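Have a look at the structure below, then the notes.
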Protein chains: 2
Amino acid sequence: MIDQSSLETARKFLKDRGLRATNPRVLVYGLLREMGGHHSVDGLVAQLENRGIPVPRMSVYNVVTDLQHSGLIMCADCGPGRALYEASDEWHHHFVCRICMEVTDVPCILGRKPCLVPPGSAPGTVDEAQVIFRGVCYACQAKLQS
Amino acid sequence: MIDQSSLETARKFLKDRGLRATNPRVLVYGLLREMGGHHSVDGLVAQLENRGIPVPRMSVYNVVTDLQHSGLIMCADCGPGRALYEASDEWHHHFVCRICMEVTDVPCILGRKPCLVPPGSAPGTVDEAQVIFRGVCYACQAKLQS
DNA sequence: CATCTGACTTGACGTTGTCAAATCTAGGAG
DNA sequence: CTCCTAGATTTGACAACGTCAAGTCAGATG
């Protein structure tokens, strides 16, 4: 129920990083690559369930944590609430609609970290700057006017 | 158990915005002003409890939501997890330590919103750009070396 | 001081994330 | 190919965070 080439690619990428290509890892990473976009842990669990491949919730939590540490996936900073993960190959930021809460990727000017440094003195060494753009998406603006 | 002048100021600021100066609002907002920094709802509840002023958790949730809509306090974007609130008078960003998770304010270059606009085309109208700087604070760096 | 509307309170509940202990398996050694 | 073992998965229970609805209360106005 998951695209075979996505699973193959997932398996390869896992091994390239020295990670054991276990079933949950291949499935979760393959699914994230196949679907694209931003997904919560429980969303992934439900998606796998729907496709007839039940995976324990805890396993998905373990997988996303491991994959994130290896840099294969990233956690999208979108403010408080559930964590959203995405399989992404390059550094970017996010736009969040205040109405529908939809998250959209926004390219980073530099494309590498850190793309911004604090003005003046920071309280530590900065290695990454995540930007969250907030506003109202065009779809919601259209709905508001009707 | 809360600084009287903070409570007075809180009461005044609430009325200035046309908000009813109810007990929970004055207490929560006064406490946030007195303490400074970033605090979760449950942290505020515990703080009030410790000071002998029990306030229902739901009331604090209501208060922070109302105050945020009025612009008296802001919710600090610090990634997934619990929401952190702060009584702040000017727009700024945050530095989050990867080790101790401590949140520190970082001044905004412009000091007004939106201080950044997405490169190229955004999927909507941007009215605000929150930046989260991540890294390791100097205190944790010192601990790591010992 | 009376009134009324908005705010507070209460209790219960759904979701998200974490922990520890037992079981299993991917991948290398023989 | 088979065995072995460190590492990963699974299970169940639990804690933290946030939300909902219905009933009660009190701040602001006249």
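Both backbone and side-chain heavy atoms feed into the values below; hydrogens, waters and symmetry mates do not. Everything quoted here is computed from the prediction, not taken from an experiment. Per chain, numbering begins at 1; letters A, B, ... match sequence-line order.
With D:dT11, C:dT9, D:dT9 as the candidates, the nucleotide lying closest to the side chain of B:P56 is C:dT9. Of all nucleotides listed (C:dC8, C:dA20, D:dT9), C:dA20 comes nearest to the side chain of A:M58.
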Return a table of donor-acceptor pairs under 3.5 angstrom between the side chains of residues 22-32 of chain A and protein atoms on other chains or two or more places apart.
from, atom 1, to, atom 2, distance (Å)
A:R25, NH1, A:R20, O, 3.2
A:R25, NH2, A:D66, OD2, 3.0
A:Y29, OH, A:R33, NH1, 3.0

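When the local axes at the two ends of the helix from C:dC1-D:dG30 to C:dG30-D:dC1 are compared, using 5 base pairs at each end, they differ in direction by 30° after rounding to 10°.
Spacing between atom CD of B:Q68 and atom P of D:dG18 amounts to 11 Å, rounded to whole angstrom units. Note: CG (B:L14) to P (C:dG6) measures 17 Å, nearest angstrom. Atoms CG (A:L48) and P (D:dT9) sit 13 Å apart, rounded to a whole Å. Rounded to whole angstrom, the span from the CG atom of B:L27 across to the P atom of D:dA26 amounts to 14 Å. Here the P atom of nucleotide C:dG28 and the NZ atom of A:K15 are 7 Å apart, to the nearest Å. Atom CG in B:N62 sits roughly 11 Å away from atom C1' in D:dG18 (whole-Å rounding). Counting to the nearest Å, the P atom of C:dG27 and the CG atom of A:D16 are 13 Å from each other. As rounded to whole Å, 13 Å separates atom P of D:dT10 from atom CG of A:D66.
Applying the side-chain hydrogen bond (donor to acceptor under 3.5 Å, both in side chains) test to residues at least two apart or on different chains, the pairs with a partner in residues 126-145 of chain B are A:D77-B:R134, A:R98-B:D127, A:R98-B:E128, A:T125-B:Q141, B:K113-B:E128. For residues 60-87 of chain A, there are no ring pair (Phe, Tyr, Trp, His ring centres under 6.0 Å) pairs, not counting sequence neighbours.
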Sort me out a list of protein N/O and nucleotides 15-17 of chain C N/O pairs below 3.5 Å, or just none if empty.
from, atom 1, to, atom 2, distance (Å)
C:dT16, OP1, A:R82, NE, 2.9
C:dT16, OP1, A:R82, NH1, 3.1
C:dT16, OP1, A:R82, NH2, 2.7
C:dT16, OP2, A:D42, OD2, 3.1
C:dG17, OP1, A:A83, N, 2.8
C:dG17, OP2, A:Y61, OH, 3.1
C:dG17, N7, A:R57, NH1, 2.9
C:dG17, N7, A:R57, NH2, 3.1
C:dG17, O6, A:R57, NH2, 2.7

Tabulate atom names and distances for all N/O pairs under 3.5 angstrom spanning the protein and nucleotides 5-7 of chain D.
from, atom 1, to, atom 2, distance (Å)
D:dG7, O4', A:R20, NH1, 3.3

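The two atoms that bring A:A129 and B:V131 nearest to each other are CB-CG1, 4.3 Å, heavy atoms only.
For B:H94, the ring-ring contact (aromatic ring centres under 6.0 Å, His included) test picks out B:H38, B:H92, with sequence neighbours left out. For the salt bridge (Lys or Arg N to Asp or Glu O under 4.0 Å) test, no residue two or more places apart in sequence or in another chain qualifies with A:D3. For B:R17, the salt bridge (Lys or Arg N to Asp or Glu O under 4.0 Å) test picks out no residue, with sequence neighbours left out. With sequence neighbours left out, A:R51 forms a salt bridge (Lys or Arg N to Asp or Glu O under 4.0 Å) with A:E34. Every residue two or more places apart in sequence or in another chain that forms a salt bridge (Lys or Arg N to Asp or Glu O under 4.0 Å) with B:D16 is listed here: B:K12. For A:A139, the side chain to side chain contact (heavy atoms under 4.5 Å, CB included) partners at least two apart in sequence or on another chain are A:C137.
Using a 4.0 Å heavy-atom criterion, one finds that A:N23 contacts no nucleic acid atom at all. Among the protein residues, A:T22 comes within range of the sugar-phosphate backbone only, with heavy atoms under 4.0 Å from sugar or phosphate atoms but none that close to a base.
Where A:V55 and B:L19 each meet DNA chain D at their nearest nucleotide, the meeting point lying more 5' is that of A:V55.
The CD atom of B:E49 sits 12.0 Å away from atom CG of B:D42, with the distance rounded to the nearest 0.5 Å.
Two residues are said to be in side-chain contact when any heavy atoms from C-beta on lie closer than 4.5 Å; A:V63 and A:L44 fail this criterion.
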